[in-house]
Amino acid sequence: MTKLKQLRPQLLALAVVLVLIGLISPGFFSVTVQNGRLYGSLIDVGVRVAPVALLAIGMTLVIATKGIDLSVGAVMAITGAVAATLVADGHSVPVVLAVSLALGLVCGIWNGVLVAFLDIQPIIATLILMVAGRGIAQLITGGVILTFNDPAFSFIGSGAVLGIPMPILIWLAMGLAVGLLVRRSALGLLIEAVGINRRASMLVGVRARFLILATYAISGLCAAMAGMIVTADIHGADANNAGLWLELDAILAVVIGGTSLAGGRFSITASLIGALIIQALNTGILMSGWPPEFNLIVKAVVIVAILTLQSPAVADELSVLRGMLRRKGAKS
Amino acid sequence: MKRKLLAASSVACLMLSGAAFAADLTVGFSQIGSESGWRAAETTVTQQQAKERGIDLKFADAQQKQENQIKAVRGFIAQGVDAILIAPVVATGWDEVLGEAKEAEIPVILLDRQIDAPDDLYLTAVTSDQVFEGKVAGEWLVKDVGDKACKVVELQGTTGSSPAINRKKGFEEAIAGKSNITIARSQTGDFTRTKGKEVMESFIKAENGGKDICAVYAHNDDMAVGAIQAIKEAGLKPGTDIKVVSIDAVPDIFLAMQAGEANATVELTPNMAGPAFDVLEKFKADGTLPPKWIQTESKLFTQADDPKGVYESKKDLGY
């Protein structure tokens with residue numbers, strides 16, 4: 001229950017955003033079953049959030065170690081391109097999944113080695129793959145949108161199990177798996193320790209280098225999943241646009257989730273709620289019917305408002321205010 | 001002085017030998033890069049056109065950088081080519097290098113985009129008319145729906161980009177005065193498939209499950225392909241329940257047309273070099289000055305235009 005209390009600011013923000021959207025477009029909350037699957041704008045939010053949600057899972061761990069991973073969007077493009085190439089060549093889905101996930105892992109380990117073993121600053125280390133990765137993806141696709149027609153692979157993007165779309169199941173499962181892994185063991189605590197003070201944690205025997213490497217590897221793995229989802233969704237790999245700027249949305253999701261960029265305490269659940277807030281905003285703007293010139297302005301205003309309410313300064317003021325109200329109540 | 005003499009004598013030679021001499025032309029081509037499928041196709045078609053005409057084409061890829069283009073143009077001037085084609089990456093900053101080309105008496109032809117420079121610095125510009133493209137798409141819809149009421153949703157290109165502004169304007173001009181056709185919703189899909197699909201999903205939900213939508217107009221084919229998938233996943237039939245009209249004519253849209261899922265597309269031809277070589281050959285033969293702007297054809301393709309055949313002819317162009 002204490003957990004839920006910690007998530008209060010994020011849940012509140014999500015609720016406010018959803019209510020606002022509901023006021024603007026009343027049909028937003030209607031969920032029906034169509035062709036044996038759930039159907040509605042809320043479901044769209046769950047499906048469309050998948051790439052950013054997956055990236056945010058890995059990004060949360062990386063940021064908790066005081067790092068940052070700018071390469072995730074490019075890794076999405078690479079794995080998407082490889083997956084599409086393999087599918088187009090007629091390889092079976094398990095092979096495609098295995099190769100793509102392995103590739104994501106390799107990309108993550110590359111970043112991890114640069115950061116943990118060569119001690120290159122994370123922002124620079126991952127910038128290398130961010131810039132080069134898109135070029136690699138373009139080399140793989142030959143600069144064209146590589147399309148394929150394979151219902152089995154497309155299932156990842158547009159299929160459904162028990163009426164629930166696959167992308168939703170994938171990000172929920174990954175969030176649950178990583179969340180349990182770090183919270184049901186001491187791993188989460190150790191990651192936080194490394195993020196707060198790497199030297200001190202190493203002195204007490206935490207294998208910081210390995211932990212940091214592992215967080216980047218998981219981030220690469222998450223990016224590979226996200227890359228496959230977007231590729232399966234449009235039945236093609238678009239090396240120019242797949243995952244473009246999504247690293248920024250993922251970082252934003254983590255920040256809205258309350259994890260500090262200075263490392264330390266983190267919450268995967270809060271980051272996922274952060275991702276949902278961003279996507280709810282995106283979908284809400286599309287439903288509103290406003291001209292596209294307003295998209296970014298609306299998004300920026302709402303996010304500034306959310307971050308302001310979460311800022312320590314405002315939080316202090318609010319708690320002082322609450323205390324005063326309580327005292328007043330006690331007096332009367 | 002010597003170079004001038006040489007140039008003068010070669011011009012004289014050209015005058016004498018006439019059109020037959022065109023076969024021995026050497027033309028430099030500074031391409032922007034290969035950022036999109038269309039760009040790659042333009043490069044392929046330019047090379048094909050040069051080969052067909054026996055023109056020796058020197059190709060330089062600028063990788064999206066103007067400095068590379070300027071370097072390439074200076075290189076062409078130094079090599080003494082007969083003409084230079086430039087697909088300019090930006091509109092400004094060309095005066096100096098084009099001045100050098102003019103001094104060397106090498107005609108310059110702009111492909112695909114216009115520039116901000118005095119028009120005596122180049123022979124002509126071969127580009128499409130984006131407003132006209134939108135108009136052709138709109139006119140197709142006007143003709144297709146007749147007097148029936150039609151609610152259109154529009155997938156715009158990247159907000160603020162000139163193709164998005166112009167293609168929107170042209171379409172609106174075409175449907176102006178037709179009270180039965182209205183644009184119900186208009187949002188940006190950033191010219192990509194993913195965004196096209198996402199935006200179309202929300203349009204369908206906002207317009208009574210898509211039942212109120214009669215047509216979707218996409219500023220490029222990629223967004224249309226995304227929209228088609230969204231329509232299918234909503235349980236509707238693209239091409240019949242919701243008509244699909246878009247611009248560009250990339251190969252994939254012809255596959256959709258063949259399957260009856262797209263209705264019409266307006267071609268942004270990758271053959272900008274053909275008209276350019278035409279005017280160049282005429283200019284070299286008898287000094288005919290072309291108009292300063294040559295508009296390429298914006299051809300309309302529908303399901304009746306043998307989509308399979310067009311797909312086959314386009315699929316190897318590098319789109």
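Sequence lines set the chain letters: A, B, ... in the order given, protein chains first and strands last, and positions in each chain run from 1.
- Within 6.0 Å of the CD1 atom in A:I24, the count of heavy atoms belonging to other residues, nucleotides or ligands exceeds 12.
- Interface summary for chain B: among A:R37, A:H235, A:Q138, the most heavy-atom pairs under 4.5 angstrom belong to A:H235.
- The choice from A:N282, A:T283, A:N295 that makes the most heavy-atom pairs within less than 4.5 Å of chain B is A:N295.
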For residues 142-155 of chain A, dump all side-chain donor-acceptor pairs below 3.5 Å to protein atoms at least two apart in sequence or in another chain.
| residue | atom | partner | partner atom | Å |
| --- | --- | --- | --- | --- |
| A:D150 | OD1 | A:A152 | N | 3.3 |
| A:D150 | OD1 | A:F153 | N | 2.7 |
| A:S154 | OG | A:D150 | O | 3.0 |

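- B:E207 contributes atom CD, which lies 9.0 Å from atom CE of A:M287 (distance to the nearest 0.5 angstrom).
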Stepwise side chain to side chain contact (heavy atoms under 4.5 Å, CB included) check, A:D238 with B:T194 = CA-CA 9 Å; A:D238 185 349; B:T194 309; 5.9 Å; no
May I have the step-by-step check of side chain to side chain donor-acceptor pair (under 3.5 Å) for B:Q229 and A:D233, ending in yes or no?
-> CA-CA 9 Å; B:Q229 286 172 9; A:D233 182 41; over 6 Å; no
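- A distance of 8.0 Å separates CG of B:D190 from CG of A:N241, quoted to the nearest 0.5 Å.
- Cation-pi geometry between B:K205 and A:Y39 is met: under 6.0 angstrom from the ring centre, within 45 degrees of the axis.
- The 12-atom threshold is not exceeded at CG of A:L162, counting heavy atoms of other residues, nucleotides or ligands nearer than 6.0 Å.
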Check step by step if side chain to side chain contact (heavy atoms under 4.5 Å, CB included) holds for B:E198 and A:Q279.
-> CA-CA 11 Å; B:E198 181 180 350; A:Q279 187 55 44; 3.1 Å; yes
Kindly determine whether A:Q34 and B:E233 satisfy side chain to side chain donor-acceptor pair (under 3.5 Å), including the steps that lead there.
-> CA-CA 10 Å; A:Q34 190 172 326; B:E233 282 171 22; over 6 Å; no
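- Rounding to the nearest 0.5 angstrom, the gap separating the OG1 atom in B:T192 from the CG atom in A:N240 is 10.5 Å.
- Both the backbone and the side chain of B:A234 come within contact range of chain A, judged by heavy atoms closer than 4.5 Å.
- Closest approach of A:L286 to B:R185, counting heavy atoms only: O-NH1, 3.8 Å.
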Are B:K197 and A:R48 close enough, and set up right, to give a side chain to side chain contact (heavy atoms under 4.5 Å, CB included), and what steps lead you there?
-> CA-CA 10 Å; B:K197 186 174 178 185; A:R48 290 288 155 210; 3.7 Å; yes
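- Within a 6.0 Å radius of NZ in B:K135, other residues, nucleotides and ligands contribute 12 heavy atoms or fewer.
- Looking at heavy atoms from C-beta onward, A:I285 lies in side-chain contact with B:Q187 at the 4.5 angstrom threshold.
- The shortest non-hydrogen separation linking A:P292 to B:S186 is CD-O, 3.6 Å.
- The stretch residues 230-264 of chain B participates, sequence neighbours left out, in these ring-ring contact (aromatic ring centres under 6.0 Å, His included) pairs: B:F254-B:F301.
- Looking at A:S288, only its backbone comes within 4.5 Å of chain B, counting heavy atoms on both sides.
- When each of A:G27, A:A242, A:S41 is checked for heavy-atom pairs under 4.5 Å with chain B, A:S41 comes out on top.
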